[in-house]
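What follows is a set of notes on a single structure, which appears directly below.
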Amino acid sequence: MRVSLCLSSPNRFLQFCHRPNSPNPSMASGSGSLMWFRKGLRIHDNPALQQAAKESTCVYPVFVIDPYFMEPDPNAFSPGSSRAGLNRIRFLLESLVDLDSSLRQLGSRLLVLKGDPGEVIIRCLKEWEVKRLCFEYDTDPYYQALDIKVKNYASAAGIEVFSPVSHTLFDSADIIQKNGGRPPLSYQSFLKLAGQPSWASSPLSTTLSWLPPVGDVGTCEISNVPTVKELGYEEIGQDELTPFKGGESEALKRLRESIRDKEWVANFEKPKGDPSAFLKPATTVLSPYLKFGCLSSRYFYQCLTDVYKNVKRHTSPPVSLVGQLLWRDFFYTVGFGTPNFDHMKGNRICKQIPWNDDDELLAAWREARTGYPWIDAIMVQLRKWGWMHHLARHCVACFLTRGDLFVHWEKGRDVFERLLIDSDWAINNGNWLWLSCSSFFYQYNRIYSPITFGKKYDPNGNYIRHFLPILKDMPKEYIYEPWTAPPSIQAKAKCIIGKDYPKPVVCHDSAIKECKRKLAEAYALNKRLDGSVTEEDLKKLRRKLEEDENPESNTSRTRQKLIG
DNA sequence: AATCTGTTGTCCCA
DNA sequence: TGGGACAACAGATT
C-alpha cells in the first residue's frame, strides 16, 4: 500500500500549526522525536508524522491505550467499556494493527503503552530525552484538556511541540476568529467564512518511503497491539460483528471503490439516498475512517475535486459529497467554539426544553423494542453494525426526542456515542441538537413517521426482515404496523404481537400532538426569557404541561391507547 | 419590519 | 412522481 499519493502542499500546516512557546533546544539532550498517535491513524498525508521524521535520528511512534475509553465495563448495556461499544474498540484495534504493519514496512513499528495518556507521554518524554513531540491538533474537549497538560510539560522541559491541524479541512479556531470570536451557526455562513481551502490549488506528490528507526525504549513497558481478549473482553459472535474493518489500507481501498463510479460521485445527493439499503449502502461509509483519521479528509477532498474536474456537471454543497466533508468541518467548528456544546444546560445555542426522564421509554428505544419495526430494525443495525444510513439515524433520533418519546437528546446521544463505530464528538452532538430541534433546525412540526417514511423506500420491508427476523414472514401490508395484522395473519407469520414482538410503546398519532404542544410551549418560554431559562422555569413548565394535559391524549393515555 | 432561507416531513391530489 | 397545502419555526438578510 505504499502508493504515491497525490497530496497538496505542506505550506498549509505551517500556516495553521500551533507553535510551542519558544523552545530552548539546549535543554533537550536527545535528537529523537515522539510521534503521538490518537486520531490520524495513517501514514498518508500526516503532517505530524512527517515532522517527526524530519532531521531526527530516531522516531518513537506511540499509541496509548487509554482506560478512559478502553477499560471493560461489565455493567454497560452492551459489551465494551463504559464509553465505547466493542465494535468500535475492535475497529480501533484493527486500525492500530494496520498502522503498525505500515510502520514496519517503513523500518519502524508502533509502540503501544497503557495508562493515563498524559502521564504515559510525559514519562516517555523524560525517559527517551526526545527533542520534539508531534501530535495532531484535536478540538475535542477531552484532548484539549489533555494536550494542555502535555504541552505545558514539554514547553517547560524545552521540548519542541508540533501539533498541526490535519484532522479537518479548516482550522476551527481560525474560522471562529474570522467571525468575531463566535462560531457561525448556519451552514451558509460557515461556507462564506471558510471560503476556498487555499491548499487545494497546489498539489504535491509525497511518498513516505522510510522512517528513522525506533530508539532505545528504556524501562517503558511496550506491547504489541492488543487483541480484544487481551484487553479483557469476551469475543462477540459473528452475528454481532460489524462488517466494516478498521485501518488505513481498508480506508484507501474503500475510497478507491467509492470514487470509481464518477457519475455516482458527481450526482451524489445525500437526502436522496435510500436509508433501507444495506446490501450496498447508499453512502460511502467512509465516516468511521475519517473519524479515526485512517483517511485524510483533505486527501478525500482532493480526490472528489479531481472527479468533479472531469465531469460535465456535479452536485454542490450542502448535498454533494464535498458538502458532507464541509458539514463535518461545520460541526467541528461549532463544537469547538460553543461551551457546553454536549449539554442542554449552560449551552447558549441550545433551546431549553422540559424533556422527559423516562428510563423505560429510553430502554425500549435502546433495546429495539418500541414496537415500531422501522425504528427497531434501525436500532438493531446500530447495535450490530455500528453504522446506519444518515436518514435512518434521523428517524430514530426524531422518534426518541421531539417526535414521539420526548426523551432527552443527551440520552440518545450517549447511546449513539457508544455504539456507532464512526461516533465523533462534534458531529454526534451537533446532529442530536439538530434532530431534537434544540439548535440549528427548529421546524418541530416536521416529524418523521415511523410507519410511512421507511415504507416509501422499501415497501416490501426487506430491511426490517433482515434486521428483525422475527417479522420475516409478516405480509408486507402489515410489516410496518404489525399490530394491525389480524390474529390469523399473526399466527401464520409466527409472530404474535404482544408476545413475539412488542406492541407499540406509544401511539404515534397522539404522541406527535403531545410533542408539538410541548415544544410550542417550550419555544415560547425560551423566547420570553431570551436565553436565560432556569431549571426552575423548566420545572414550572413541566407542571403547566401536565395540568393542561388533554385527558384524551395525555402521556399515560398515549401509552395505553394502543391499537389491538 | 419584512422577506428570504433552511441538506433530507407528511398528506393529498392529479 | 411531482406539486401544493399544511402550519410555522429561527436566524440571516434586506
Side-chain angles (χ1 to χ4, degrees), chain A residues 178-180 182-194 267-277 281-284 287 304 314-331 333-334 337-338 347-353 372 374-375 378 388-399 401-404 427 430-459 480-481 508-531 533:
Chain A
K178 269 194 205 165
N179 198 40
R182 289 203 171 192
L185 295 177
S186 74
Y187 189 72
Q188 291 307 329
S189 56
F190 170 81
L191 289 187
K192 261 188 205 163
L193 286 162
N267 296 321
F268 184 91
E269 281 184 71
K270 185 73 160 275
K272 292 199 175 160
D274 176 357
S276 71
T283 54
T284 60
S287 53
L304 293 173
H314 61 82
T315 52
S316 296
V319 296
S320 66
L321 274 174
V322 161
Q324 306 314 303
L325 277 175
L326 294 169
W327 275 109
R328 178 172 178 269
D329 266 50
F330 170 70
F331 284 124
T333 302
V334 186
T338 307
N347 180 346
R348 68 164 183 252
I349 70 165
C350 181
K351 293 245 177 281
Q352 304 299 303
I353 295 165
Y372 287 92
W374 172 245
I375 299 298
I378 295 167
M388 319 88 99
H389 185 276
H390 190 66
L391 288 177
R393 299 180 194 205
H394 280 213
C395 287
V396 294
C398 178
F399 186 86
T401 58
R402 68 182 170 87
D404 293 82
I427 300 171
N431 276 309
W432 277 95
L433 284 164
W434 187 295
L435 262 299
S436 64
C437 278
S438 297
S439 198
F440 308 113
F441 174 81
Y442 307 97
Q443 287 181 269
Y444 55 77
N445 52 322
R446 293 187 181 175
I447 293 170
Y448 291 92
S449 164
I451 297 152
T452 59
F453 187 83
K455 208 186 265 181
K456 73 183 174 202
Y457 296 96
D458 180 15
Y480 284 89
E481 306 165 86
H508 178 65
D509 285 343
S510 42
I512 56 172
K513 280 184 195 139
E514 274 297 287
C515 287
K516 286 179 189 175
R517 188 176 69 89
K518 287 176 181 169
L519 275 165
E521 293 270 6
Y523 269 38
L525 180 71
N526 278 265
K527 200 170 190 174
R528 198 165 69 240
L529 298 179
D530 192 27
V533 180

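Numbered from 1 within each chain, the chains take letters A, B, ... in sequence-line order. The figures here come from the full heavy-atom set of this structure, side chains too, leaving out hydrogens, waters and symmetry mates.
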Completion exercise
Side-chain atoms of A:Tyr442 come closest, of C:dG11, B:dT7, B:dG9, to C:dG11
Handout entry: Shortest non-hydrogen contact between A:Tyr444 and A:Arg402, atoms and distance
Key = O-NH1, 3.7 Å
Problem - Whole-Å gap separating P (B:dG9) and CZ (A:Phe399) - result: 18 Å
Problem - Nucleotide of C:dA8, C:dT13, B:dT10 approaching A:Phe453 most closely (side-chain heavy atoms) - result: B:dT10
Handout entry: Enclosure of A:Arg182 CZ (heavy-atom neighbours >12, cutoff 6.0 Å)
Key = no
Completion exercise
In whole angstroms, the gap separating C1' of B:dT10 from OH of A:Tyr457 amounts to 12 Å
Completion exercise
From CD of A:Gln188 across to C1' of C:dT14 the rounded distance in Å is 17 Å
Practice task
Tell me whether the OP1 or OP2 atom of B:dT5 has a side-chain N or O from A:Ser186 closer than 4.0 Å.
Solution key: no
Problem - Complementary nucleotide of B:dT7, counting Watson-Crick and G-U pairs under 3.5 Å - result: none
Problem - Phosphate contact (B:dT10 OP1 or OP2) by A:Lys456 side-chain N/O below 4.0 Å - result: yes
Handout entry: Side-chain N,O (A:Lys192) to OP1/OP2 (C:dT13) below 4.0 Å
Key = yes
Practice task
Specify the separation, in whole Å, of atom CG of A:Asn179 and atom P of C:dG11.
Solution key: 15 Å
Practice task
Could you check how far CG of A:Asn267 sits from P of B:dT7, rounded to whole Å?
Solution key: 21 Å
Problem - Separation of A:Phe330 CZ from A:Gln188 CD (nearest 0.5 Å) - result: 10.0 Å
Fill in the blank from the handout: Side-chain contact check for A:His394: nearest option of B:dG6, B:dT10, B:dT8 is B:dT8
Exercise for the section: Check the distance between C:dC9's P and A:Lys527's NZ and give it to me in whole angstrom. Expected result: 7 Å
Exercise for the section: Inspect the contact between A:Glu514 and A:Arg517 and indicate whether a charged nitrogen and a carboxylate oxygen are less than 4.0 angstrom apart. Expected result: yes
Exercise for the section: Using a heavy-atom cut-off of under 4.0 Å over every strand shown, decide if A:Gln324 touches base, sugar-phosphate, or nothing. Expected result: base
Practice task
Remember a base hit wins even if backbone is also touched, and classify A:Ser189 as base, sugar-phosphate or nothing at under 4.0 Å, heavy atoms.
Solution key: nothing
Problem - C:dA7 pairs with, by Watson-Crick or G-U criteria that keep both distances under 3.5 Å - result: none
Practice task
Tell me whether the OP1 or OP2 atom of C:dA10 has a side-chain N or O from A:Tyr523 closer than 4.0 Å.
Solution key: no
Fill in the blank from the handout: Regarding the side chain of A:Asn445, the nearest nucleotide among C:dG11, B:dT7, C:dA7 is C:dA7
Handout entry: Rounded distance in Å - NZ (A:Lys516) to C1' (C:dC9)
Key = 13 Å
Practice task
Assign the ring pair A:Tyr372 / A:His508 to parallel, tilted or perpendicular, where the plane angle (0 to 90°) is split at 30° and 60°.
Solution key: perpendicular
